[in-house]
Participant: 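One structure coming up, written as structure tokens, with questions to follow.
Only heavy atoms go into these numbers, but all of them, side chains included; no hydrogens, no water, no symmetry mates.
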Amino acid sequence: MEINFKAAMSCNYTFGRTKPIEYIVIHSDDTNISEISDFYSNNALTSSMHYLVGQGSIIQSVADTDTAWHCGCKNYNHKHCRNANSIGVCICSKGQNISKASLNNVVKLVNYLLEKYNLTSDNVIRHSDVGGEKVCPNMSESLWNDFKSKLKKKVNK
């Protein structure tokens, strides 16, 4: 699995972390990976992602050691998950349908991150699980369940 780095503008995330990584938050965006990667690296925003995943590539735009602004919201549904203790992964899919290739890349990346941070599939949540302000990622419940079934279940010790 190849991960390319294309940095988000430094005004779009916080250098460093105040908490250890406990969650991986899955998002989706109705755009292609190059458009959103260019957007993060060329525009002052109030959001960012650690990883952008498309059909043929994975781009990291914020280092894991830094805090991306991907799951802040007005009203939190989740008691514990925040930007400071999570990694944001965005599935980039032009059009409403997430391709099988994109989904396979997300599974590979998330399994890698689960192993790297000694987490289980229980630590992988949807953006809408953090704050229910919008449906994100744009996946049916059956597709989400299929995705979750492909993730590592146990912590490697």
Participant: Applying side chain to side chain contact (heavy atoms under 4.5 Å, CB included) to Met139 and Ile91, what does each step give before you reach the verdict?
Facilitator: CA-CA 10 Å; Met139 297 173 126; Ile91 306 167; 4.1 Å; yes
Participant: Under 3.5 Å, is there a donor-acceptor pair between the side chain of Ser61 and the main chain of Lys6?
Facilitator: no
Participant: CH2 of Trp144 to CD1 of Ile125: how many Å apart, nearest 0.5 Å?
Facilitator: 8.0 Å
Participant: I'd like to know if the side chain of Asp66 reaches the main chain of Gly16, judged simply by a donor and an acceptor atom lying under 3.5 Å from each other, with no hydrogens or angles considered.
Facilitator: yes
Participant: Rounded to the nearest 0.5 Å, how far does OG of Ser121 lie from NZ of Lys150?
Facilitator: 14.0 Å
Participant: Check whether Asn85 reaches the backbone of His80 with its side chain - one donor and one acceptor, N or O, closer than 3.5 Å.
Facilitator: yes
Participant: Would you say the side-chain atoms of Arg17 pair up with the backbone N or O of Ala84, donor to acceptor, closer than 3.5 Å?
Facilitator: yes
Participant: Quick one: list whatever passes salt bridge (charged side-chain N to carboxylate O under 4.0 Å, His left out) with Arg82, sequence neighbours left out.
Facilitator: none
Participant: Taking Asn83 for its side chain and His70 for its backbone only, find out whether a donor-acceptor pair lies under 3.5 Å.
Facilitator: yes
Participant: Mark yes or no for whether His50, through its side chain, and Val62, through its backbone, hold a donor-acceptor pair below 3.5 Å.
Facilitator: no
Participant: Hey, does the side chain of Asn145 reach the backbone of Glu141 with a donor-acceptor pair shorter than 3.5 angstrom?
Facilitator: yes
Participant: According to a 4.5 Å side-chain heavy-atom criterion applied to Ile, Leu, Val, Met, Phe, Trp and Tyr, with indirect links allowed, do Val130 and Val124 form part of one hydrophobic cluster?
Facilitator: no
Participant: Determine whether a donor-acceptor pair (N or O, by modelled atom type, separation under 3.5 Å) exists between the side chain of Ser48 and the backbone of Asn12.
Facilitator: yes
Participant: Stepwise, does the side-chain hydrogen bond (donor to acceptor under 3.5 Å, both in side chains) test hold for Tyr117 with Asn123?
Facilitator: CA-CA 10 Å; Tyr117 294 106; Asn123 300 86; over 6 Å; no
